[in-house]
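One structure is given here, and the rest of the page talks about it.
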Amino acid sequence: MELQTKYNPAEVETKWYEYWERNGLFASRPDGREPYTVVIPPPNVTGILHMGHMLNETIQDILVRRARMEGKNACWVPGTDHASIATEAKVVNRLASQGIKKQDLTREEFLRHAWDWTDEHGGIILRQLRRVGASCDWSRTAFTMDEERSRSVIKVFVDLYRKGLIYRGVRMVNWDPKAQTALSDEEVVYKEEHSKLYYLRYMVEGDAEGRYAVVATTRPETIMGDTAMCINPTDPKNQWLRGKRVIVPLVGRVIPVIEDEYVDVEFGTGCLKVTPAHDVNDYMLGEKHNLPSIDIFNDDGTLAPAAGLYVGKDRFDVRREIEQDLKDAGLMEKVEDYVNKVGCSERTGVAIEPKLSMQWFLKMQHFADLALPPVMNDEIKFHPAKYKNTYRHWLENIKDWCISRQLWWGHRIPAWYLPEGGYVVAENEDEALSLAREKSGNPALTAADLRQDEDALDTWFSSWLWPISLFDGITRPGNDELRYYYPTSDLVTGPDIIFFWVARMIMAGYEFAGDKPFRNVYFTGIVRDKQGRKMSKQLGNSPDPLELIDRFGADGVRMGMMLCAPAGNDILFDEALCGQGRNFCNKVWNCFRLVQGWQVDDTLAQPQASRQATEWFGAKLRAVAAEVADHYAKYRISDALMAVYRLFWDEFSSWYLEMVKPAYQQPIDRATYDATLHAFDHLLHLLHPFMPFITEELWQHLVERAPGESIMVSPQQIAAPAAADAALIRAMEDVKSLVSGVRGVRAAKNIPQRERLNVQVVGSNPLAQYDEMVSKLAGTAPVKVVEAKGEGTSAFLVGTTEYAVEIGALIDTEAEIAKAEAELKHLRGFLAGVEKKLGNERFVQNAPEAVVALERKKQADATAKIATLEETLAALRK
RNA sequence: GGGCGCUUAGCUCAGUUGGUUUAGAGCGUCUGCCUUACAAGCAGAGGGUCGGGGGUUCGACUCCCUCAGCGCCCACCA
């Protein structure tokens with residue numbers, strides 16, 4: 001068949017992806033083979049593919065395809081996450097654009113809209129993954145809020161409640177005034193902010209001299225909630241305030257001065273305003289000193305009636321207003337510029353308001369104890385290992401997890417409140433009712449008397465079960481699938497969710513499945529642009545992966561991605577790398593075109609050079625395959641790719657194919673042809689995990705294939721390196737040096753390719769058996785052995801052997817002298833270093849024998865080379 | 001404030017327990033080639049003394065100390 005000179009990815013990609021799916025090649029069922037399991041980090045159900053996904057999914061697909069070709073039963077389970085806050089926010093926004101307020105809808109109405117949204121936008125990202133080439137078992141596609149996963153979440157909640165690990169209580173939580181929900185500590189990100197430090201005057205009550213204390217604060221808008229002022233009892237400069245009472249500026253409320261060593265004497269004036277309702281530390285002080293707590297904020301961050309002033313206004317507007325009002329009232333001592341860190345909602349970006357509220361919590365110490373050892377002792381391996389530190393630090397300082405969210409989109413908390421107070425926790429309403437009757441002693445209770453908790457659970461409370469719940473392991477513990485696929489093999493994810501997700505999956509794994517959820521965790525880097533900026537929608541510096549695929553082909557983009565993705569380092573993505581990937585595809589394509597165009601003549605004997613080439617390439621292939629395997633074992637995917645890339649382009653294409661290529665329109669012998677096809681097949685296997693589409697296309701054309709066959713499931717069979725390989729490879733390196741040496745002379749002298757060159761070798765030719773090959777590659781006549789090289793020759797060394805190209809009148813004696821002198825200088829410096837070492841008795845005594853022997857070899861070689869060069873120079877200067 | 005990591009050719013990175021010919025790769029650069037598989041290509045060339053300083057050692061890019069710069073994570077100093 002005729003192939004175009006350029007590879008056209010678009011048609012090939014669609015064709016083979018459909019073929020793979022149609023033939024069920026991604027599907028996995030338990031069988032006798034070793035399983036290789038990966039669960040996808042579920043993207044947000046309404047999300048669209050970005051470069052982070054592109055990187056992540058490519059790595060997973062590479063690992064999965066590699067395992068599949070190794071003969072393992074590879075199972076990659078796809079799915080999406082309901083992403084409680086993010087999705088609810090999107091739905092609320094859409095409703096708002098239609099003039100509908102969430103508050104005006106019932107829970108059921110709102111959820112209907114949310115499901116509509118999910119049906120509309122959900123699954124887009126899964127379709128996009130197919131474009132990338134992801135070989136997921138789509139028949140297993142799951143959703144964190146589908147029936148099975150929901151049952152699992154509820155069952156786990158009830159289980160943990162009964163174990164006494166879940167409790168409900170009033171605590172200081174992180175309140176997101178925009179989403180109007182509590183958040184976990186992990187969902188708060190601290191951002192540095194250039195703000196102001198305000199110094200406020202708190203007049204001392206009844207002080208005849210009109211003295212006042214000065215309090216420094218970044219949040220003057222909270223003074224309405226002040227219920228005390230605090231000094232450090234050891235602070236000499238504030239002794240005079242002991243036992244006094246002060247007046248809150250503008251508000252006029254009189255509050256006591258309390259003493260606590262918590263206060264930093266050095267900060268500001270050493271006087272701290274205490275607002276127990278709106279600061280975590282102040283809350284602690286309030287508890288300790290029995291202070292009243294005044295909650296001055298509404299849930300949306302506006303001032304509540306309890307504030308007395310500025311009621312209904314936004315907290316940040318109030319900050320500006322109150323600054324002016326305090327100045328006008330003469331109660332502002334001064335205002336300084338100040339840089340501090342403000343906790344913000346990871347999702348909505350707004351400043352978090354610490355708020356006292358009733359929430360559900362999960363006790364974490366038990367889980368930390370469960371999850372720390374396996375990571376520290378490498379039962380679960382982190383790649384790179386540096387994240388073990390991060391992990392340990394978090395677990396050693398674990399705090400209880402606030403799992404309730406004041407949202408509707410999510411798993412509703414399975415707690416039901418009784419009319420007379422109290423509540424029961426149950427897997428469903430029926431069970432709740434019977435528990436409630438029992439608890440209240442009232443058998444007449446009906447379902448209508450019970451009121452289910454309005455809150456939903458944190459999204460991560462479902463994600464942490466993912467590796468188990470995907471195999472129905474929560475609802476049907478110990479089932480066959482779970483036993484076969486669990487623990488999963490590798491998890492590929494970003495370090496940004498190490499606490500949110502990775503740590504919690506480890507906890508859930510041991511708690512609910514009795515074993516680790518995965519054996520290895522591969523942490524990818526963050527994708528940045530080439531200026532090092534994080535890719536983001538706001539900056540507009542994130543290319544659309546699908547558009548890249550349109551331009552470079554999926555294989556090209558996958559390769560571009562992996563070329564810049566060393567494990568654990570951030571990715572400096574540059575579109576040019578996709579171009580490199582595309583070029584490589586084209587190279588592979590054209591190599592195939594060459595080989596495919598050959599006519600075989602069975603009567604032809606195999607030329608010596610071709611025999612040598614096939615033997616050598618076999619050795620090289622075995623060596624590189626072993627190297628690649630080692631890279632995979634260490635999760636050095638980009639190194640594995642680079643090794644394959646060089647094997648294909650440099651060794652196979654530039655050297656091997658040139659060695660065996662028949663003259664134009666001449667046929668090739670059978671032995672060489674078969675060996676070449678064989679090598680090509682091996683190369684396609686090595687390439688396939690990185691470039692699934694083009695390798696399938698070429699593999700199908702390489703020889704006749706039966707319907708349903710695929711390179712995907714055809715095992716890779718490259719033998720382990722053989723004993724003789726190393727010598728073979730070394731010899732060929734010398735051949736290459738000789739050829740390059742001749743080509744170098746040719747290039748320097750501008751001698752056309754078709755002009756045959758005569759080459760001399762001084763003494764004897766260690767590469768005599770490769771003469772035919774050298775002639776073919778370098779365009780030379782048979783190498784002549786001479787006693788001393790003649791005039792009009794340009795010489796170079798291969799090892800310690802001197803070769804000289806006859807160039808007659810083209811000789812530039814000055815240039816030859818300069819070249820030889822430069823090399824001589826280098827060698828003498830080198831020799832001096834070696835001899836200094838060997839002259840050091842302690843080196844000869846202490847260093848291992850092999851090292852000393854090597855130095856002696858270096859010395860001998862360098863000496864020989866120097867002698868040769870000196871002769872050359874003498875001859876040139878004659 | 002604490003912890004971790006990084007600093008090797010113009011760019012992005014390798015360099016595994018210190019010794020493998022006075023440091024390697026890819027890309028880019030320069031020179032010459034449209035040589036009928038490939039100009040998304042071929043051949044050739046140049047380019048770093050391993051952030052600065054000190055130390056350990058027969059020997060350090062590799063180990064230790066220190067300084068500088070960069071990055072990340074954690075933390076209730078208003």
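Convention: sequence-line order gives letters A, B, ...; per-chain numbering from 1.
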Selected nucleotide, minimal atom distance to A:Phe499 side chain, candidates B:rC73, B:rC58, B:rA14: B:rC73
Nucleotide B:rC73, atom P - distance to CZ of A:Phe382 in whole Å: 16 Å
Is A:Asp861 touching bases, backbone alone, or none of the nucleic acid, heavy atoms closer than 4.0 Å? base
Given B:rA14, B:rC77, B:rG19, identify the nucleotide with an atom nearest to the side chain of A:Phe267. B:rC77
To the nearest angstrom, the CG-P distance between A:Leu657 and B:rC38 comes to 13 Å
Would A:Tyr387 and A:Thr390 satisfy side chain to side chain contact (heavy atoms under 4.5 Å, CB included), going step by step from the backbone distance to the final call? CA-CA 5 Å; A:Tyr387 289 111; A:Thr390 311; 4.1 Å; yes
For a quick check, tell me whether the side chain of A:Glu658 and the base of B:rA43 share a donor-acceptor pair closer than 3.5 Å. no
Quick one: is A:Tyr645 getting a side-chain N or O under 4.0 Å of the B:rC27 phosphate, OP1 or OP2? yes
For B:rA9 versus B:rG3, give the span between their C1' atoms, rounded off to a whole number of Å. 33 Å
Name the nucleic acid region contacted by A:Gly597, choosing base, sugar-phosphate or nothing; use a 4.0 angstrom heavy-atom cut-off, strictly under. nothing
Counting any heavy atom closer than 4.0 Å, what does A:Asn232 reach on the DNA or RNA strands: base, sugar-phosphate only, or nothing? nothing
In whole angstrom, give the distance that lies between atom NE2 of A:His826 and atom P of B:rU49. 14 Å
Can you check whether any acceptor in the base of B:rC38 is under 3.5 Å from a donor in the side chain of A:Lys587, or vice versa? yes
Taking A:Glu575 first and then A:Arg551, would you say they form a salt bridge - that is, a charged N and a carboxylate O separated by under 4.0 Å? yes
Rounded to whole Å, please give me the gap between CD in A:Gln4 and P in B:rC38. 14 Å
When you measure from the side-chain N and O atoms of A:Tyr391 to the phosphate of B:rC73, is any distance below 4.0 Å, counting only OP1 and OP2? no
If you look at every strand shown and take non-hydrogen atoms under 4.0 Å, does A:Arg646 touch a base, only sugar-phosphate, or nothing? sugar-phosphate
Hey, is the side chain of A:Arg219 poking within less than 4.0 Å of OP1 or OP2 on B:rC77, counting only N and O atoms? no
Closest non-hydrogen atom pair, A:Gly494 against A:Thr524: CA-OG1, 3.8 Å
Does the structure place the NZ or CZ of A:Lys341 under 6.0 Å from the centre of the six-membered ring of A:Tyr190, at an angle of no more than 45° from the ring's axis? no
Which nucleotides of RNA chain B pair, in dot-bracket form (Watson-Crick or G-U under 3.5 Å, | meaning another strand): (((((((..((((.....[....)))).(((((.......))))).....(((((..]....))))))))))))....
Whether A:Thr390 contacts B:rC74 is assessed here as follows: a side-chain N or O lying under 4.0 Å from the phosphate OP1 or OP2. Is that the case? no
Roughly how many Å is it from NZ in A:Lys819 to C1' in B:rG44, rounded to a whole number? 13 Å
Once you measure the plane-to-plane angle for A:Phe382 and A:Phe523, does it fall in the parallel (<30°), tilted (30-60°) or perpendicular (>60°) bin? perpendicular
CA sep, side-chain torsions, deciding dist, call: A:Ile571, A:Ile526, side chain to side chain contact (heavy atoms under 4.5 Å, CB included): CA-CA 6 Å; A:Ile571 315 305; A:Ile526 290 169; over 6 Å; no
Sugar-phosphate, base or nothing in reach of A:Cys564, heavy atoms under 4.0 Å: nothing
In whole angstrom, what separates A:Leu272's CG from B:rC76's P? 16 Å
Using heavy atoms to find the nearest nucleotide of RNA chain B for A:Arg582 and A:Ala576 separately, return the residue whose nucleotide is more 5′. A:Ala576
Length of the CG-P vector between A:Asn389 and B:rG3, whole Å: 12 Å
Report yes if at least one side-chain N or O of A:Trp394 is closer than 4.0 Å to OP1 or OP2 of B:rC4; otherwise report no. no
Ionic contact status for A:Asp861 with A:Lys865, cut-off 4.0 Å: no
Take atom NZ of A:Lys749 and atom P of B:rA43, then tell me their distance rounded to the nearest Å. 22 Å
